[in-house]
Protein chains: 2
Amino acid sequence: MLKLADRNLPKLDESLLTGLPPFSRLERPQIREILDQASSRRYDEGTAVFREGHDADRFFLLLDGYLRVIRTTPDGDQIIVLHISPGQLFGIAPALQRDTYPATAMTAAESIALSWPARLWSDFTASYDGFATESYKTLGQRLGQIQQTLTEMATQAVEKRVAAALLRMVNQSGRKTDTGIEIAFPVTRQNISDMTGTTLHTVSRLLSSWEKQGIVESTRKRIAVTDPHQLVLISNGNG
Amino acid sequence: MLKLADRNLPKLDESLLTGLPPFSRLERPQIREILDQASSRRYDEGTAVFREGHDADRFFLLLDGYLRVIRTTPDGDQIIVLHISPGQLFGIAPALQRDTYPATAMTAAESIALSWPARLWSDFTASYDGFATESYKTLGQRLGQIQQTLTEMATQAVEKRVAAALLRMVNQSGRKTDTGIEIAFPVTRQNISDMTGTTLHTVSRLLSSWEKQGIVESTRKRIAVTDPHQLVLISNGNG
DNA sequence: CCGCGAGTTTGAGCAAGAGCAACGTTCCGA
DNA sequence: TCGGAACGTTGCTCTTGCTCAAACTCGCGG
């Protein structure tokens, strides 16, 4: 159960949801209804919102921060399936008639998420025009992205996979800085190796080499791409 | 457009759909309605039902046969994302608001499929109780399976991946024979390497070795597992 | 029944990248 | 300000499994 301190006592503002795809076709009173049924909670960096195998009793919307969706193998290896950005629904196992979550959601940075009890999913899809359509659209995009990652993993050499992983993070969360485009959340070499099925050693060597070539800049846990075009070339094989 | 010869002129029998998950809660007249709007078509082994990138203008139900869902990379490598068995919906891109198919569907054996125009999807989910629920449940399972494959690909050595791929095919389409459990559709070494991101050479070596150990039996394009338990051990690392 | 083509087997060499080890650096909290 | 933990770098070794090459075999169509 959520502790009292975790619930958002001052009323949530309607502007939180307006404009987000699942709610874009709704009027203020409907958004009000939806918000009144939501719980809001803040999560420190590196904590789990839910874990693989646990009861899928709620579904979520990320308001602020970034999440990693992670699967762990029986022998402890883990891989990052995808990242979630603000405004996206996640943990929608209830929509797929699953009774447990198929993966773990970890915060990559301090985050804030709304959540609703699983049983409300069918209410939402029935009552709110466009909610189902937009949610399943998101799901379709996510499915496509995972298939994309799968094909990369199966056919591409490590260097290309790492380049592609960086580009994906930049596209999803890139912030312009004076020197390049920075990934908006902390990323370690280990994280990148978990996205690409390699080791942190190999990732470290690749980043060092790219840094020498002026393609990326990185401090500990922070990565910026200074020459995205070059990275695209690498990810397509013309390194 | 479908040619006349492809349409099933004698009325489709209602028993084709009864009992299949998406239609299990429906009465005969509703099933009649659904069938009357369907096109039926037969496909030779090795032909495409639809191709990646093409207009997602229909969705399908496999009545008989087996399909491979395939993605191809820009440089011509291809990987088999999953297999479709009789009774399953496929090509449901319309349900996910996609305007093109994200993958190609090839017949692994001679097959028969029904299909409906994409625009009917929303009619079906609105009119037929349980159709949406069951369809999205299938989708959820498929998503989970792809994530599973992705983690394997990223963390497991080739031998384990191949063992796991064989087990998946056996579980999905295994037919008991006097000597073991046979995969119900033709499978080449190349096919297996396309499922596991390796080469046909490596697969051939593995199968030869397993054959010597009495774990599998294979003729050209036909594979049977004689000792599934042993394969499970291999796929878990205790080779 | 023959011949061809698609699929398979096997060998040898080689390179990508994993594993291991040791050291360096940054950050944070006491 | 100091110490330690977490993260990163780099060199070396060793293995996995890919590449290339060549021969083999099954099964089908003519």
Side-chain angles (χ1 to χ4, degrees), chain A residues 44-46 73 75-79 106 108-110 152-163 165-166 183 185-213 216-224 234 237 239, chain B residues 44-46 68 73 75-79 106 108-110 152-166 183 185-213 216-224 234 237 239:
Chain A
D44 284 330
E45 178 178 333
T73 66
D75 33 70
D77 298 313
Q78 63 173 41
I79 85 128
M106 287 280 274
E110 183 182 347
E152 272 171 22
M153 201 75 87
T155 64
Q156 312 284 41
V158 170
E159 185 181 33
K160 296 188 195 181
R161 301 208 300 269
V162 173
L166 283 186
I183 295 166
F185 49 87
V187 188
T188 67
R189 325 283 155 178
Q190 177 69 60
N191 288 331
I192 297 176
S193 70
D194 287 346
M195 298 177 66
T196 52
T198 181
T199 62
L200 75 161
H201 307 282
T202 299
V203 172
S204 177
R205 286 181 234 271
L206 284 172
L207 285 183
S208 297
S209 133
W210 290 341
E211 196 137 17
K212 273 181 202 116
Q213 297 171 58
V216 303
E217 277 177 15
S218 72
T219 64
R220 159 184 285 239
K221 301 187 83 174
R222 219 82 219 177
I223 296 178
I234 292 172
Chain B
D44 284 328
E45 177 179 332
R68 290 187 238 274
T73 66
D75 34 69
D77 298 313
Q78 62 173 44
I79 86 128
M106 287 280 274
E110 184 183 345
E152 273 171 22
M153 202 75 86
T155 64
Q156 312 284 44
V158 169
E159 185 180 33
K160 296 190 195 180
R161 301 208 301 269
V162 173
L166 283 186
I183 294 167
F185 49 86
V187 188
T188 67
R189 323 284 171 206
Q190 178 69 61
N191 288 330
I192 297 176
S193 70
D194 287 346
M195 298 177 67
T196 52
T198 179
T199 63
L200 76 161
H201 307 282
T202 299
V203 172
S204 177
R205 286 180 234 271
L206 284 172
L207 286 182
S208 297
S209 133
W210 290 341
E211 195 136 16
K212 273 181 202 116
Q213 298 171 56
V216 304
E217 277 178 15
S218 72
T219 64
R220 159 184 289 237
K221 299 188 80 171
R222 219 82 220 179
I223 296 177
I234 292 171

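Every chain is numbered from 1, with letters handed out A, B, ... down the list of sequences.
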task: Please state how far atom CG in B/Asp77 lies from atom C1' in D/dT19, giving the value in whole angstrom units.
output: 14 Å
Spacing between B/Arg161 atom CZ and D/dT16 atom P, to the nearest angstrom: 14 Å
field: B/Lys160 NZ - D/dG17 C1' separation (whole Å)
entry: 16 Å
- prompt: Taking NZ from B/Lys221 and P from C/dA6, how many angstroms apart are they, rounded to a whole number?
  reply: 11 Å
task: Could you tell me whether the side chain of B/Arg220 has a donor or acceptor atom within less than 3.5 Å of a complementary atom in the base of C/dT8?
output: no
message: Taking only side-chain N and O atoms of B/Arg189, does any of them lie within less than 4.0 angstrom of OP1 or OP2 on C/dT8?
response: yes
message: OP1 or OP2 of D/dG17 versus the side-chain N and O atoms of B/Thr198: is any pair under 4.0 Å?
response: no
- request: Drop me the distance from A/Leu200's CG to A/Ile192's CD1, to the nearest 0.5 angstrom.
  value: 10.5 Å
task: For residues A/Thr219 and A/Arg189, report the shortest heavy-atom separation together with the two atoms involved.
output: O-NH2, 4.0 Å
- prompt: Does a side-chain heavy-atom distance below 4.5 Å link B/Asn191 with B/Lys221?
  reply: no
D/dG17 OP1/OP2 closer than 4.0 Å to side-chain N/O of B/Thr202: no
task: State plainly whether the residues B/Glu159 and B/Arg205 are in salt-bridge range, i.e. N to O under 4.0 Å.
output: no
field: Short side-chain N/O contact from A/Thr199 to OP1 or OP2 of C/dA18, under 4.0 Å
entry: yes
- prompt: Any idea which of D/dG17, C/dG7, D/dT19 is nearest the B/Ala157 side chain?
  reply: D/dG17
- request: Would you indicate, yes or no, if D/dG8 has its OP1 or OP2 atom less than 4.0 angstrom from a side-chain nitrogen or oxygen of A/Ser208?
  value: no
query: Does A/Thr219 put a side-chain nitrogen or oxygen below 4.0 Å from OP1 or OP2 of C/dT26?
result: no
query: D/dG8 P sits how many Å from A/Asp194 CG, rounded?
result: 12 Å
- prompt: Quick one: which of D/dT10, C/dG7, D/dC7 gets closest to the side chain of A/His201?
  reply: D/dT10
- request: Take atom CZ of A/Arg205 and atom P of D/dT13, then tell me their distance rounded to the nearest Å.
  value: 13 Å
- prompt: How many Å lie between CD on A/Gln156 and P on D/dC18, as a whole number?
  reply: 14 Å
Between C1' of C/dT9 and CD of B/Gln190, the distance in whole Å: 15 Å
task: Please check if any side-chain donor atom of A/Gln78 sits under 3.5 Å from a side-chain acceptor atom of A/Thr73, or the reverse.
output: no
